[in-house]
Amino acid sequence: MSDPKVPQNGETTEEKTKKKNSFVQRVITGLVLVTLLALVLWAGSWCFALVASLCIAVAIYEMHGALTARGHHPVRWVCYAGLILSLPLMMFYSARAMIPVLVLLVFCVLVQVMRRQEPELEDILISVMPLISIVLPAMCLVGLLDTQPRSLQLMLLIQVFAIAVGGDTFAYFVGSAVGGPKLCPRISPNKTIAGSVGGLVGSMLMAFVVGRIFAASVPGMTVPFWGDLLVGLIGGVAGQMGDLFASMVKRHCRVKDYGTIFPGHGGMMDRLDSVFFVAIVVYCYRVILLV
């Protein structure tokens, strides 16, 4: 006779309760974050830039903390310098400053590591990684604030978060309902191929809905519907890559989450990992197709 406390699927009642409570906690935290994001977007460019920069600085701190705990010695200050420089350069000068700034910061990493008593190639690579995976996306996100008119700027910013959140949400529910083969079991054991496909559909749907709402409500906005689907598809792929990349770094550093700021969600980096990669795609979409 089977134990009534242990369901046939092998999951105990305690585990089911814990999973349910975690899900409720994630939903509540998610709703609070969406509300705060809406307020920041409504407040305007400078408010968004400052709040985004603060959040990104926390994400940089969390990643450096994980890498340091693993025994690496990254050059920390270059990421913060790049973040500070991106505000005035990307908002008031030109996006052409992006490459020179990143190159200068990489040179600074090379010089500082090579002048150490025991220079290690690994420390150079570890120091450059956050520049590419966090600072570059930060520049793209801030660069969207240079978009005119304000309605198009707002649409693109909303699409960044809608693509990332839509992909995460659809991937979670589709993956939980369908199950099936794992996507990258050695990196993220819970992600499935079905969930990944569902996430792409969610990203495309959210990008399309946001684009069509703005096209219908803002006179003169001529963003093509196929552009919404395209940025949703490529952004959805990028968002999942960002999520898997962040998971790969966590696995390497042997940490479960980057932090504990958000109940049920982990740290700032855990929340922004997919947003960072989506921001690059949306910025390229704006520069290439919407100039």
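What's counted below: heavy atoms across the whole structure, side chains too, no hydrogens, waters or symmetry copies.
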Worksheet item: For the atom pair CG (Leu145) and CG (Leu157), what is the distance rounded to the nearest 0.5 Å?
Response: 5.5 Å
Worksheet item: Can you find a pair of side-chain heavy atoms, one from Ser203 and one from Phe170, that are under 4.5 Å apart?
Response: no
Worksheet item: Do Val201 and Leu229 share a hydrophobic cluster, counting only Ile, Leu, Val, Met, Phe, Trp and Tyr and linking them when any side-chain heavy atoms are less than 4.5 Å apart?
Response: no
Item to complete: Report yes or no: do Ser196 and Gln240 form a side-chain donor-acceptor pair below 3.5 Å?
Response: yes
Worksheet, complete the sentence: CD1 (Ile280) and CE (Met139) are apart, to the nearest 0.5 Å, by 11.5 Å
Worksheet item: Taking C-beta and beyond as the side chain, do Met155 and Thr147 meet within less than 4.5 Å on heavy atoms?
Response: no
Worksheet item: For Glu118, does the CD atom have more than 12 heavy-atom neighbours from other residues, nucleotides or ligands under 6.0 Å away?
Response: no
Practice prompt. Could you tell me the separation between the CG atom of Leu85 and the CG atom of Leu102, rounded to the nearest 0.5 Å?
Written response: 10.0 Å
Discussion item. Under 3.5 Å, is there a donor on one side chain and an acceptor on the other for Arg76 and Thr68?
Written reply: yes
Worksheet item: Does the side-chain contact (heavy atoms from CB on, under 4.5 Å) test come out yes or no for Ser133 and Met63, once each step is laid out?
Response: CA-CA 10 Å; Ser133 61; Met63 178 168 278; 4.2 Å; yes
Fill in: Pairwise side-chain contact, Val231 with Val282, heavy-atom cut-off 4.5 Å (strictly under)
yes
Response to the item:
Gly235 and Ile163 have their tightest heavy-atom pair at C-CG2, 3.7 Å
Discussion item. Quick one about Asp146 and Gln153 (side-chain donor to acceptor, distance below 3.5 Å, no hydrogens or angles considered), yes or no?
Written reply: no
Worksheet item: What's the spacing between Phe276 CZ and Cys140 SG if we round to 0.5 Å?
Response: 11.5 Å
Worksheet item: Do Leu105 and Val128 touch side chain to side chain, with heavy atoms closer than 4.5 Å?
Response: no
Discussion item. Quick check: closest heavy atoms across Val218 and Ser151, and the distance to 0.1 Å?
Written reply: CG1-OG, 3.6 Å
Worksheet item: Any side-chain heavy atom of Val34 within less than 4.5 Å of one from Leu31?
Response: no
Worksheet, complete the sentence: Separation between CE (Met269) and CD (Glu62), nearest 0.5 Å, reads 8.5 Å
Worksheet entry | Separation between CD1 of Ile187 and NZ of Lys250, rounded to the nearest 0.5 Å | 12.0 Å
Discussion item. Quick check on Met221: does its CE atom have over 12 non-hydrogen neighbours (other residues, nucleotides or ligands) under 6.0 Å away?
Written reply: yes
Worksheet item: Is there side-chain contact between Val101 and Leu89, with heavy atoms separated by less than 4.5 Å?
Response: yes
Worksheet entry | Contact check, side chains of Leu244 and Lys191, non-hydrogen atoms, under 4.5 Å | yes
Discussion item. Assess the residue pair Val223 and Phe214 against the criterion (side-chain contact (heavy atoms from CB on, under 4.5 Å)); give the C-alpha distance rounded to whole Å, side-chain angles, the decisive distance to 0.1 Å, and a yes or no.
Written reply: CA-CA 9 Å; Val223 178; Phe214 273 86; over 6 Å; no
Discussion item. Does atom CZ (Phe245) have a neighbourhood of more than 12 heavy atoms from anything else shown, all under 6.0 Å?
Written reply: yes
Discussion item. Hydrophobic cluster membership, with links at side-chain heavy-atom distances under 4.5 Å among I/L/V/M/F/W/Y: are Val103 and Val78 in one?
Written reply: yes
Worksheet item: Is there a ring-ring contact (aromatic ring centres under 6.0 Å, His included) between His252 and His72 once you walk through the steps?
Response: CA-CA 11 Å; His252 169 76; His72 299 296; 5.0 Å; yes
Worksheet entry | Side-chain heavy-atom pair Leu152, Gln148 within 4.5 angstrom cut-off | no
